[in-house]
Amino acid sequence: MKRIYLDHSATTPVRSEVAEIMYKYLTEDNFGNPTSLHWFGRKVRKGIDEAREKVAKSIGANAKEIIFTSGGTEADNMAIHGVAMANKNKGNHIITTAVEHHAVLNTVKALGKQGFTVTILPVDKYGAVRAEDVSAAITDKTILITIMHANNEVGTIMPIEEIGVIARSKGVLFHTDAVQSFGKIPVDVNKLGVDLLTISGHKIHGPKGIGALYVRRGTKWKQSLFHGGGQEGLKRAGTENVPGILALGLASELAAANLEKDNNYLKVLRDKLIKDVLEKIDQVELTGHPVQRLPNHASFTFRFIEGESMLLSLDMKGIAASSGSACTSGSLEPSHVLLAMGISHEIAHGSLRITLGIGNNNQDIEYFIKELSVIVDRLRAMSPLDPDNEFSQSSDCVSCKESGSCNNLA
Ligand SMILES: *Cc1c(COP(=O)(O)O)cnc(C)c1O
């Protein structure tokens, strides 16, 4: 069957050059422990040093400011926890937004149970935080602002530069999760005005299980999660993931080198996709910002149908997408991001996210639109929610609201 992958915000295929360098650092004589003083160790150490330079260069940082981690989640945890622990004598207040990735939200919530006070800022209907709300939330106890660069669910780009200026002027440390933006739009730690920044390998055509945290030189931050050896300049204990680090170095270099070309290519495809969906299907809305959004990102809500049903139907046609409605994934609540944007439960249940990659082309979009139109028509014809069809009972998902279950929607 034809297989079309349209879920690049979830993960990306590994570039062949990147897979090759991983293989190289798993084989030949590249198996040494980088801490070892002998030739085998030194050889691998040199590879890590070069990868660190590449990652640093791709975000406008210095190699000494890069710490390799096991991924975006660890880097987010390390950033937030590390600032909290190093600054708890100064204050206990942390500011974030309602639409962060769970790696950030659950970390600040955990700190909220350990004596820290957390302000979770609201967002506008596009999913963007207002810089003035950030400014107004700062108190003399504020030690950290952590706000994502671009949202994974709706693609909205946050006003990070503006917030960076505010954070700097008030002397508050500023962390951004740039996992989704890195490799898609320019990410420069100085332009953004951030003190800490997170990236992840598998969102930029690298492998899973590797990421990096940037910590600006002089930042009051301390390694506080792992206890162990002195790797990563005492900042991240544990023998280095050598193939992963080499892969992240190359993936970052390639992402930065191809940024403009890929960005232009993806934008054209994305705009065609958005235009076609809005034109060819009715009762559908774009979620997230119409302009300030990732070049590869399209997300929608469809009335009277459930996101999970759309996903499964698309999957039967070989199309991989994702949804913010999580009825079948164990959680009964629809996406916290869509709800924070003021979208109702009922409408949020009909969400669909399409995220493109450099491997996609026009034919993929055409096939997707063709199949989606058929699927939407079929699901709506069966939907008890659609007032136009004969089975319709109510335009409200009553049982969904009352019991949190949406079994009657399928
Ligand atoms: C994927 C993602 C993460 C988590 O990164 P992992 O490397 O998968 O742990 C964090 N933040 C955002 C915005 C993401 O999209």
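Order of listing sets the numbers, starting from 1, for every ligand and every atom in it. Heavy-atom basis, side chains included; hydrogens, waters and symmetry copies ignored. Along the sequence shown, residues are numbered consecutively beginning with 1.
In this structure, the side chains of Asn87 and Leu144 stay at 4.5 Å or more apart for every pair of heavy atoms. Side-chain contact between Gln180 and His149 is absent, with no heavy atoms from C-beta onward closer than 4.5 Å.
By heavy-atom distance, the residue among Glu74, Gln180, His202, Met148 lying nearest atom 8 (O) of ligand 1 is His202.
A distance-only check finds a donor-acceptor pair linking the side chain of His297 to the backbone of Asn152 [under 3.5 Å]. Of the possible donor and acceptor atoms, none in the side chain of Thr12 sits under 3.5 Å from a partner among the backbone N and O of His8. Under the 3.5 Å distance criterion, the side-chain polar atoms of Thr96 are matched with a main-chain donor or acceptor of Thr146.
With Arg52 as the partner, the salt bridge (charged side-chain N to carboxylate O under 4.0 Å, His left out) test is satisfied by one option alone out of Glu240, Glu232, Glu65: Glu232.
Neither side chain, Asn360 nor Arg270, offers a donor N or O lying under 3.5 Å from an acceptor on the other.
Residue-to-ligand polar distances keep Ala103 apart from ligand 1: every N/O pair is separated by 3.5 Å or more.
Listed by number with element, the atoms of ligand 1 under 4.0 angstrom from any heavy atom of Gly72 are 5 (O), 6 (P), 7 (O), 9 (O). Near Ser200, with a cut-off below 4.0 Å to any heavy atom, the atoms of ligand 1 are 5 (O), 6 (P), 7 (O). Those atoms of ligand 1 with a heavy atom of Gly71 less than 4.0 angstrom away are 7 (O).
Residue, atom and distance of the protein heavy atom nearest to atom 10 (C) of ligand 1 are Asp177 OD2, 3.4 Å. Atom 9 (O) of ligand 1 has its closest protein heavy atom at Thr73 OG1, 2.6 Å. The protein heavy atom nearest to atom 3 (C) of ligand 1 is His101 NE2, 3.5 Å.
Residue-level proximity to ligand 1 for Asn152 is carried by the side chain, the only part with a heavy atom below 4.0 angstrom. Only the side chain of Lys203 comes within 4.0 Å of ligand 1, judged by heavy-atom distances.
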